[in-house]
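Notes for the one structure printed next.
Computed from heavy atoms alone, side chains included, the values below leave out hydrogens, waters and symmetry copies.
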Amino acid sequence: MNTLIVIVGLVAGVPILLSSFAEIPVISDLAQEFQRWGIILAGFSTFLGVLNLTFVNANALRRRKQAGQVIEPVVVLVMLWGLVLIGVFFGQTHPAYDFVFENVLKPLSASGFSMLAFFIASAAYRAFRVRNVDAAILLVCGCLVMLANIPFGELIWSDLPVVSDWIMRIINGSAMKGIVIGGAIGAIATALKVIVGVERSHLRG
Amino acid sequence: MVPRDGGIFAFFAFLILATVLFWCYRKVKAGYKPYFRQIPALKGLEEAIGRAAEMGRPVHFTPGSDGFDTSFAGMTLAATICLAHIAKLCAQYDVRLLVSNRRPEVQPLTEEIVRQAFLAEGKIENFRPTDIRFFSDDQFAYASGVVGVISGEQTASNIMLGGFYAESLMFAEAGATYGNIQIAGTASTAQIPFFVTTCDYVLIGEELFAAAAVLSVDPAQVSTLMMQDIIRIALVCLIAIGALAATFGSDVIRQLILK
Amino acid sequence: MKFGITVAALLNLGLWSFLIGDNRVFRLVQSLYVGAAVAHTFVLAYRNTLIPNLWQPFTEGKYVLIVPMVLGLALFTRVTKKYSHISKIPMTFIVGVGAALAIRGALLSDLATQVASVMVALNTVDNIVMLIGTLCTLVYFTFTIKPTPVTRTMSYIGRYFMMAAFGAAFGNTVMARMSLLIGRLQFLWGDWLGIIK
Amino acid sequence: MSFFERLQSIPRITIYVLVIIVLSIPLIFPISLPLQVAPMTQAVYDAIEALEPGSIFMLSTDWEASTEAESGPQTEAIVRHVLGRDLKLIIVGLWPQGNSATQQIVERIASEMGKTYGVDWVNLGYKPGGEVVLASLAANLRELYSSDVKGTPLDQLEICRGLTSAKDVDLVCSVSWGDPGHITWVKMVQTQVGVPVVAAVTAVSLPECAPYLQSGQLLGVVGGLGGAAQYEKLVGYAGKATAGMGAQSFGHILVLTLVVLGNIGYLATRKSKEG
């Protein structure tokens with residue numbers, strides 16, 4: 001099994017890696033084919049999401065202690081499988097599917113995230129403190145950027161947009177560059193270890 | 001065989017990186033122990049779990065939003081390595097450890113790690129598989145699940161390592177509200193500000209990977225760290241030379257890199 | 001007032017009830033959302049990937065696709081206790097492909113192009129600051145090299161550059177989250193109640 | 001409890017209610033504010049203006065409905081510009097909900113502007129896998145996309161006639177909320193096949209764009225709701241983004257006030273404790 005896993009990792013990774021450097025007749029075609037397989041497997045793993053959610057909720061139903069705990073898992077399962085079946089057999093354009101997407105999924109997705117506005121306001125009030133030099137720099141830059149992005153900012157200080165733009169482009173840009181370049185080295189090292197099979201903790205469990 | 005644009009540099013850069021990595025790996029395997037910079041957040045872990053023990057309350061841990069199939073897989077990996085250490089400490093201190101997962105594929109891994117740690121400490125009877133939870137692949141459901149654990153289980157410490165998205169704010173805020181000692185670590189740059197402003201200890205960016213390497217004592221991890229440092233310093237020199245050359249009107253180094 | 005919009009608005013308020021505290025309505029609404037979100041992702045993947053990229057070419061004679069099909073099905077052994085080790089094979093494949101692509105992206109984009117783009121002539125304040133910031137941030141993240149006075153200073157400067165960047169990120173995030181709430185308020189006050197036109 | 005201590009302990013719910021009230025006032029009683037177009041927004045507009053009519057413009061829907069408030073108006077403004085310029089609009093996507101939502105947005109705009117599906121625009125749909133999808137798209141687009149979102153083979157769609165490989169795409173715009181998204185496009189398509197990329201990102205993702213803007217890997221970026229409002233101004237209409245700018249300003253002022261209040265209290269109590 002272990003050898004097999006190392007072989008699969010090498011077979012999957014090496015052609016794509018080699019074709020990153022040059023167009024090599026057979027190897028580049030193989031790399032392309034493997035990439036398409038990767039997409040197909042990603043497609044299968046979306047069904048793994050469906051299966052997992054089903055099992056989790058089925059287990060919750062089985063382990064329930066009171067009658068009241070039935071509702072949520074049942075709602076999840078009905079919604080999940082109802083939508084899966086309609087979607088698979090009739091497609092997204094089916095009125096029921098469209099209704100759920102437009103009036104349940106989309107608004108709930110947006111509403112969930114919009115709650116972050118409340119949380120951020122309260123976090124800004126509670127947590128954003130000038131505790132030390134780090135926090136002071138963070139605070140000043142954060143406030144400058146926030147102020148500069150509204151028309152009132154200019155009224156307070158006419159050069160504010162220029163300063164904010166400079167912070168975003170130069171200060172933030174150079175720090176991000178350092179992070180991106182450093183991150184790239186780390187990413188390459190980790191990926192290399194994955195391909196040659198040194199790094200395999202993700203297969204545990 | 002036609003080289004791609006930038007393929008020649010990419011090839012040699014890859015060769016150099018791979019060689020340095022291999023060299024470091026051999027050296028560490030042979031018993032070389034490199035110098036390690038102090039990472040305060042690691043001390044913080046002991047403090048956080050120790051306090052949970054004093055208070056008789058659980059510790060909460062989450063390995064973040066990413067699995068192993070995205071470009072952030074490294075963070076999840078580092079998080080699980082740190083989890084092994086955290087689980088060991090929890091087993092030693094008899095602290096209940098709650099783990100919240102977002103990714104279905106990470107769930108069994110975290111469960112196994114915690115089980116192994118409790119087993120190794122001879123405390124397997126304290127291990128409860130139901131404490132290792134999977135909420136949902138969905139970001140918000142996962143987020144509110146974690147908030148629910150922090151508020152419902154009255155955790156004493158909240159440890160968040162891995163890849164995070166917008167949910168980071170909710171976790172950190174919940175932890176702060178319930179007076180948790182909070183430790184966070186992520187390389188998701190958009191989320192670091194929230195952790196810096198709400199947590200007691202933060203592993204910024206690659207400090208997370210470094211922490212994992214220190215904890216794992218695994219030659220593969222340690223040698224990666226060494227290799228990264230060598231390449232990093234080499235790049236600093238290269239960039240400085242390249243910029244000086246550009247100042248005096250020579251574009252040679254730049255052009256070489258883009259070959 | 002359309003029926004659908006009222007449903008959406010009530011679900012929205014149900015979700016927001018979480019702001020007061022975790023409650024039954026919130027969990028119910030959230031259950032609806034979780035089920036729908038996971039289903040939608042699968043339905044789209046099924047219709048846009050599994051059918052056109054797997055099933056159609058397979059039935060048209062591209063039999064080599066039996067390999068990803070079997071690998072894909074093997075992925076599902078993950079939900080069983082007994083056979084979950086089989087899923088390691090497709091997992092390794094996915095991770096292997098992803099790792100190779102990560103190397104490709106990192107080498108060409110983040111290493112080559114980004115490194116080259118900092119090698120600028122040091123003839124403006126912007127360029128000098130940009131260079132200092134990038135180099136100091138790089139030095140901050142060294143862990144196994146004994147610090148010298150120079151690298152220690154660079155490391156400090158790097159940390160301050162990063163804190164400034166994180167400040168900018170915080171400011172931007174506040175903006176983003178306010179925008180999201182504005183979108184919902186436009187929906188509630190406008191599309192639903194018709195107070196704003 | 002002293003005044004300063006009280007300053008530090010405004011209840012959570014009070015803040016929440018304040019947020020709703022402060023954001024709602026300018027929505028219900030609109031105020032008009034001057035709007036300056038940022039250079040990076042202008043750059044996106046210019047990149048689209050520079051394309052000849054009939055050029056292929058690929059719009060990638062890399063967002064979820066969570067950020068619809070930002071990504072929706074961005075999509076709308078850019079699509080209006082693109083269809084108005086008679087470019088061929090090809091939609092792909094790395095995230096599922098954004099793709100379905102974009103389909104609805106474009107259907108509405110297209111019927112308003114008298115544009116035909118399959119001739120002026122097409123949706124090739126969401127595919128899972130992130131960077132694998134884009135690597136595959138860069139290598140062999142036609143093998144990856146054999147049919148559109150409705151199942152029609154690409155060969156039967158007039159719009160796809162000039163589209164044989166990724167190199168035929170004249171400009172990519174990734175409307176993105178994170179990863180996979182605009183950076184994935186840069187890494188897997190821009191750097192590999194040289195197709196120019198612009199992006200419309202949530203304000204959260206804006207700081208991460210700076211290095212790629214500086215290096216020219218991203219030609220321009222529309223950032224957040226503010227960027228969308230600027231783009232609406234460039235295209236010449238006032239949509240949801242413009243309408244939201246007053247509330248946006250009020251929101252920032254509220255948060256700034258909260259930060260200042262909290263810190264005054266914090267510093268004052270810390271001083272008195274030290275003293």
Side-chain angles (χ1 to χ4, degrees), chain A residues 16 19-20 28 31-32 35-43 45-46 91-93 101-102 105-110 112-114 117-118 120-122 124-131 139 142-143 146-147 149-154 161 165 168-170 172-181, chain D residues 8 10 12 15-16 18-20 23 33-36 38-39 64-69 97 100-101 104 127-130 132-133 135-136 139-140 143-144 149-151 192 203 206-208 210-215 224 226 245 248-249 251-256 258-263 266-267:
Chain A
I16 296 177
S19 70
S20 304
S28 290
Q32 284 186 29
Q35 284 168 13
R36 283 192 288 272
W37 292 8
I39 299 169
I40 292 169
L41 287 179
S45 63
T46 60
Q92 283 184 73
T93 42
F101 179 77
E102 185 61 32
L105 182 53
K106 214 170 78 170
L108 281 182
S109 197
F113 246 53
S114 71
F118 298 109
I120 218 167
S122 123
Y125 168 68
R126 253 167 259 278
F128 215 28
R129 297 278 194 272
V130 274
R131 289 195 176 89
L139 179 75
C143 289
M146 261 192 267
L147 254 187
N149 274 286
I150 55 175
F152 296 112
E154 259 175 285
D165 177 63
M168 281 298 284
R169 265 187 323 115
I170 305 298
N172 164 67
S174 60
M176 286 294 167
K177 246 182 212 299
I179 292 172
V180 162
I181 295 170
Chain D
Q8 273 200 86
I10 303 176
R12 190 175 301 268
I15 294 177
Y16 295 167
L18 254 179
V19 171
I20 292 196
L23 291 188
L33 293 166
L35 198 64
Q36 269 197 337
E64 289 285 76
S66 314
T67 59
E68 198 212 358
Q97 292 173 20
S100 307
Q104 294 172 338
K127 284 192 194 291
V132 193
V133 175
S136 206
N140 194 336
E143 185 100 15
L144 176 68
V149 75
K150 296 171 178 168
Q192 314 291 335
L206 204 51
E208 290 168 341
Y212 299 97
L213 272 168
Q214 188 265 348
S215 65
M245 278 301 100
Q248 187 81 42
S249 302
H252 289 196
I253 292 170
L254 173 67
V255 172
L256 284 168
L258 288 173
V259 168
V260 172
L261 278 183
N263 274 291
Y266 170 75
L267 291 175

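Distance check, rounded to the nearest 0.5 Å: CE of A/Met168 to CG of A/Asn149 gives 8.0 Å.
In terms of heavy-atom pairs under 4.5 Å with chain A, the best-connected choice from D/Gly130, D/Ala65, D/Gly251, D/Gly226 is D/Ala65. When the candidates D/Ala139, D/Gly151, D/Pro211 are compared by the number of heavy-atom contacts under 4.5 Å with chain A, D/Pro211 comes out ahead. In terms of non-hydrogen atom pairs under 4.5 Å with chain A, the most contact-rich of D/Gly224, D/Ser100, D/Ser215 is D/Ser100. Each of A/Gly142, A/Ala121, A/Gly38 has some count of heavy-atom pairs under 4.5 Å with chain D, and the biggest count is that of A/Ala121. Ranked by heavy-atom pairs under 4.5 Å with chain D, the first of A/Gln92, A/Arg169, A/Met146 is A/Met146. Of all the listed residues (D/Ser136, D/Ala38, D/Pro207, D/Pro39), the one sharing the greatest number of non-hydrogen pairs under 4.5 Å with chain A is D/Pro207.
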Could you walk me through whether D/Glu143 and A/Arg36 satisfy the side-chain contact (heavy atoms from CB on, under 4.5 Å) test, starting with their C-alpha distance in whole Å, then the side-chain angles of each, then the deciding distance to 0.1 Å, before giving a yes or no? CA-CA 9 Å; D/Glu143 185 100 15; A/Arg36 283 192 288 272; 3.1 Å; yes
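Only the side chain of D/Gln36 comes within contact range of chain A, with heavy atoms under 4.5 Å apart. With a 4.5 Å cut-off on non-hydrogen atoms, A/Leu41 does not touch chain D at all. Heavy atoms closer than 4.5 Å to chain A are found in both the backbone and the side chain of D/Leu258. A/Thr46 touches chain D through its side chain: at least one heavy atom from C-beta onward sits under 4.5 Å away, while N, CA, C and O do not. Neither the backbone nor the side chain of D/Ala69 comes within less than 4.5 Å of any heavy atom of chain A. Looking at D/Val260, neither its backbone nor its side chain comes within 4.5 Å of chain A, counting heavy atoms on both sides.
For the side-chain hydrogen bond (donor to acceptor under 3.5 Å, both in side chains) criterion with A/Lys106, the lone passing option out of D/Glu64, D/Gln104, D/Gln97 is D/Gln104.
For the pair D/Ser249 and D/Leu33, the tightest heavy-atom approach, listed with the atom from each and the gap, is OG-CD1, 3.5 Å.
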